Amino acid sequence: LFKRLFLISILVFIFVMSNMNGESSTNSSNFIMMILYRIYRNFSLMDYEVFLSLYHGFIREFAHFIEFLVLGIALYINGIDWFKNKIIIKSFIIGLIYAISDEIHQLFVLNRAFEIKDILIDSFGVIVGIILVYLVINLWKKKCYLEKRH
């Protein structure tokens, strides 16, 4: 049950974030940027406007990556129950379809746009999430196997 709720939660979160109009999305990003700037200014004398111009795009793209990395984790964890084989490929395909549908969804949201670049970033996040879970599970299985042998 927890695995399903985790997956549904990240799907809903991505949908809600994509459903924000351009102004709300920018305000949300700027709020995060202000928090990051307050942390950053402890180490630098950089002006906020310079900080914003340098890092705003990166932070937005990184947010896409992280959202879909979490989606990749949730898809793989659920895919273990759903698929008998090719869990990585099937989980990735579902994540890719969601990334594409997310960008299509943004076509219908005020001041938002469909961007191929975002699909690529989202897809990369999905595959990194899937691979992370795959590696953790297999390392854990290996550790349990080795412990049983001793």
Side-chain angles (χ1 to χ4, degrees), residues 1-44 48 51-145:
L1 179 65
F2 174 75
K3 294 189 289 189
R4 305 297 187 270
L5 290 175
F6 177 50
L7 176 59
I8 291 167
S9 296
I10 189 62
L11 291 169
V12 169
F13 178 79
I14 292 169
F15 181 85
V16 168
M17 296 306 287
S18 291
N19 207 43
M20 294 172 75
N21 66 40
E23 182 181 345
S24 296
S25 178
T26 299
N27 290 339
S28 181
S29 293
N30 287 342
F31 175 73
I32 300 297
M33 291 301 294
M34 182 56 75
I35 292 169
L36 293 173
Y37 177 71
R38 287 184 178 164
I39 295 167
Y40 184 79
R41 74 176 178 198
N42 292 321
F43 309 102
S44 171
Y48 177 69
F51 178 82
L52 194 61
S53 69
L54 287 174
Y55 298 112
H56 188 263
F58 171 77
I59 296 300
R60 285 185 71 94
E61 305 308 344
F62 189 68
H64 267 268
F65 173 78
I66 294 298
E67 286 175 338
F68 279 83
L69 179 141
V70 174
L71 177 60
I73 291 169
L75 286 169
Y76 187 87
I77 290 170
N78 282 280
I80 292 168
D81 296 339
W82 297 336
F83 311 123
K84 295 195 186 311
N85 55 26
K86 299 184 182 176
I87 299 168
I88 291 174
I89 293 169
K90 291 174 181 178
S91 297
F92 176 73
I93 290 170
I94 293 169
L96 175 62
I97 290 168
Y98 198 75
I100 293 167
S101 70
D102 181 58
E103 290 302 310
I104 292 169
H105 169 217
Q106 289 183 40
L107 284 171
F108 302 97
V109 178
L110 184 64
N111 297 323
R112 298 295 295 267
F114 180 100
E115 294 191 39
I116 297 289
K117 164 185 64 128
D118 286 345
I119 293 172
L120 295 173
I121 292 166
D122 298 346
S123 300
F124 185 61
V126 169
I127 197 67
V128 169
I130 289 168
I131 290 170
L132 282 174
V133 176
Y134 174 82
L135 291 173
V136 167
I137 289 172
N138 282 297
L139 287 172
W140 180 72
K141 284 180 182 178
K142 185 176 181 180
K143 181 179 183 270
C144 290
Y145 174 76

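Basis for what follows: all heavy atoms, side chains included, without hydrogens, waters or symmetry-related copies. Not measured: the values here are computed from a predicted model.
Looking at every heavy atom in both residues, Gly95 comes nearest to Leu71 through CA-CD2, 4.4 Å. The nearest pair of heavy atoms linking Ser91 to Gly79 is OG-CA, 4.4 Å. In this structure, Leu96 and Ser123 approach most closely via the heavy-atom pair CD1-OG, 3.1 Å. Of all non-hydrogen atoms in Glu103 and Glu115, the two that sit nearest each other are OE1-N, 2.9 Å.
Take Val12 and apply the side-chain contact (heavy atoms from CB on, under 4.5 Å) test, not counting sequence neighbours, and it matches Ile8, Val16. Applying the side chain to side chain donor-acceptor pair (under 3.5 Å) rule to Arg60 yields the partners Ser25, Ser29; only residues at least two apart in sequence or on another chain are considered. By the side chain to side chain donor-acceptor pair (under 3.5 Å) test, Lys3 is found to be paired with Asp81, residues two or more places apart in sequence or in another chain being considered. With sequence neighbours excluded, the residues that form a side-chain contact (heavy atoms from CB on, under 4.5 Å) with Ser24 are Met20, Asn21.
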Please report, to 0.1 Å, the donor-acceptor pairs under 3.5 Å made by any side chain of residues 127-144, with sequence neighbours excluded.
unit_1, atom_1, unit_2, atom_2, d
Asn138, ND2, Tyr134, O, 2.9
Lys143, NZ, Glu147, OE2, 2.8

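By the 30° and 60° cut-offs, the orientation of the rings of Phe51 relative to Tyr37 is tilted.
Atoms CD1 and CD1, on Ile97 and Ile104 in that order, are 10.5 Å from each other to the nearest 0.5 Å. Within the model, atoms CG of Asn78 and CG of Leu5 stand 9.5 Å from one another, a figure rounded to the nearest 0.5 Å. To the nearest 0.5 Å, atoms CG (Leu11) and CD1 (Ile94) are separated by 10.0 Å.
Residues Asn30 and His56 have side chains in contact (heavy-atom distance under 4.5 Å, counting atoms from C-beta outward). Counting only heavy atoms from C-beta outward, the side chains of Met33 and Tyr48 approach each other to under 4.5 Å. Residues Glu23 and Asn27 meet the side-chain proximity criterion, which asks for heavy atoms closer than 4.5 Å. A 4.5 Å side-chain heavy-atom check between Ile121 and Phe68 finds every atom pair outside the cut-off.
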- Task: Check step by step if side-chain contact (heavy atoms from CB on, under 4.5 Å) holds for Leu52 and Met34.
- Result: CA-CA 9 Å; Leu52 194 61; Met34 182 56 75; over 6 Å; no
- Give the C-alpha distance, both sets of side-chain angles, the deciding distance and a yes or no for side-chain contact (heavy atoms from CB on, under 4.5 Å) between Lys90 and Leu75. CA-CA 9 Å; Lys90 291 174 181 178; Leu75 286 169; over 6 Å; no
- Item | Test side-chain contact (heavy atoms from CB on, under 4.5 Å) applied to Asn19 and Gln106, step by step | CA-CA 7 Å; Asn19 207 43; Gln106 289 183 40; over 6 Å; no
- Start with the C-alpha gap between Ile119 and Asp102, add the side-chain angles, then the distance that decides, and say whether side-chain contact (heavy atoms from CB on, under 4.5 Å) holds. CA-CA 9 Å; Ile119 293 172; Asp102 181 58; over 6 Å; no
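Counting non-hydrogen atoms of other residues, nucleotides and ligands closer than 6.0 Å to CZ of Phe124 gives a total of 12 or fewer.
Between the side chain of Ser18 and the backbone N or O of Ile14, at least one donor-acceptor pair lies under 3.5 Å.
Residue pairs satisfying the ring pair (Phe, Tyr, Trp, His ring centres under 6.0 Å) criterion with at least one member in residues 70-122, sequence neighbours excluded, are listed as follows: Phe15-His105.
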